[in-house]
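Since the structure comes first, as structure tokens, the remarks are kept for the end.
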Protein chains: 2
Amino acid sequence: MPQPAHRQRLLRAMTDAGYSSTRSRRAIVDAITSAPGGLTAAAILERAQNAHPSLGLVTVYRTLDILSGLGLVRRIHMEGGCHTYALAQCAHGHHIICERCHRAVEFEGCELHALENSVTLQTGFRITDHWLEMFGLCPSCQQEADEVPAQSDCLAAD
Amino acid sequence: MPQPAHRQRLLRAMTDAGYSSTRSRRAIVDAITSAPGGLTAAAILERAQNAHPSLGLVTVYRTLDILSGLGLVRRIHMEGGCHTYALAQCAHGHHIICERCHRAVEFEGCELHALENSVTLQTGFRITDHWLEMFGLCPSCQQEADEVPAQSDCLAAD
DNA sequence: GTGATTGCAAATCGTTTGCATTCAG
DNA sequence: CTGAATGCAAACGATTTGCAATCAC
């Protein structure tokens, strides 16, 4: 399920920022906006090559740099020093990642301010930035985990 | 300033877990416990080589695996996919890292539970883990930054 | 047409592995 | 003495860079 609104938004933002709209970039934006969550650079390449077979990994990285520089995509740090890239949807977002299907969902992290105050008191640091990710099981995977993996997975909640 | 209490604690925990106390490991533990905060593997190597010149980077990594496996050292994920390793001091700790001197100080992150509840409500995920790091200026670096280093860039707006 | 963009090959960087040597108990 | 631990060299995977060919405007 592609999300035309997001696709448009990203493409628009890129051209507004002075980047030309190329076939490679369109394919990459399509791959990202049509994914349910975070993708590695390699996964983005694979998906985007459906629309543009000669696309190279290098261009994926370069486009991701642009997109995350513009705040349109967020780089999610995974165990083992590799990354996943997910659409930035809300303002002050962080991601929660499903440990089973790797879906990444954004949530508002403003509650963090209380913690920041507490940390300032505890440590005396002047806080300038933070970095938060959560891990768990998304609703569909919880069901699958509960209703013993019979085989089907008929009722994927969204 | 070495911290004999911590050094003892780590060495003891390693031997208790069945790892022998070797010269390499002692040098590495010394480097970690005498540092004011997080160090990269390369930085640990450099420091430890004072006490043990023929030490190799591989052994640093292997020892860090053991130490973080035992929960004695925490691996801190930095921008650019590399890591820093810091002494784990309190139970449920996360680190706040000084952007200037890279000192890493641990704080209690229990306040996070409120946020976890909120995220559960927002997303329906069953949360199993989280990952939080903060960045800022430590007290000493704030002073140095305020008491303007005399010469340059006097009025950097933040 | 012209500068931006691309993609290949090769370089880089942090980290891990294979294996023969050395060390701790 | 014997298995655990070490360190070198080489492998590895993600990401970046040099450069000539290609594309968007």
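To find a chain, count down the sequence lines: A is the first, B the second, and so on, and within it residues start at 1. Computed from heavy atoms alone, side chains included, the values below leave out hydrogens, waters and symmetry copies.
A:Trp131 and A:His77 have perpendicular rings, their planes meeting at more than 60° on a 0 to 90° scale where under 30° would count as parallel.
Between A:His52 and C:dT5 there is no side-chain N or O to OP1 or OP2 distance below 4.0 Å. Under 4.0 angstrom from either OP1 or OP2 of D:dT15 there lies no side-chain N or O belonging to A:His77.
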Residues A:Arg9, A:Leu87; criterion side chain to side chain contact (heavy atoms under 4.5 Å, CB included); working and verdict: CA-CA 11 Å; A:Arg9 179 167 61 86; A:Leu87 190 59; 4.1 Å; yes
A:Arg25 and A:Leu10: side chain to side chain contact (heavy atoms under 4.5 Å, CB included), yes or no, with the steps? CA-CA 10 Å; A:Arg25 287 173 181 166; A:Leu10 300 216; over 6 Å; no
Can you check side chain to side chain contact (heavy atoms under 4.5 Å, CB included) on B:Cys101 and B:Cys138, steps first, answer last? CA-CA 8 Å; B:Cys101 69; B:Cys138 74; 3.8 Å; yes
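The interatomic distance linking A:Tyr19 (OH) with D:dC25 (C1') rounds to 17 Å, in whole Å. When the C1' atom of D:dC8 is taken as reference, atom CG of B:Leu55 falls 13 Å away, rounded to whole Å. Regarding B:Gln49, its CD atom lies at a distance of 13 Å from the C1' atom of D:dC8, rounded to whole Å.
B:Thr120 contributes atom OG1, which lies 10.0 Å from atom CZ of A:Phe107 (distance to the nearest 0.5 angstrom).
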Enumerate all atom pairs, one protein N or O and one N or O from nucleotides 21-25 of chain C, separated by less than 3.5 Å.
none

Could you list all N or O pairs between the protein and nucleotides 14-17 of chain C that sit under 3.5 Å apart?
residue, atom, partner, partner atom, Å
C:dT15, OP1, B:His83, ND1, 2.7
C:dT15, OP2, B:Tyr61, OH, 2.3
C:dT15, O5', B:Tyr61, OH, 3.1

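Taking hydrophobic clusters as Ile, Leu, Val, Met, Phe, Trp and Tyr residues chained together by side-chain heavy-atom distances below 4.5 Å, B:Ile127 does not share a cluster with A:Ile76.
Side chains of A:Arg26 and A:Ser21 form a contact here, defined as non-hydrogen atoms less than 4.5 Å apart.
Just one residue in the list A:Glu133, A:His95, A:Glu106 forms a side-chain hydrogen bond (donor to acceptor under 3.5 Å, both in side chains) with A:Arg74, and that residue is A:Glu106.
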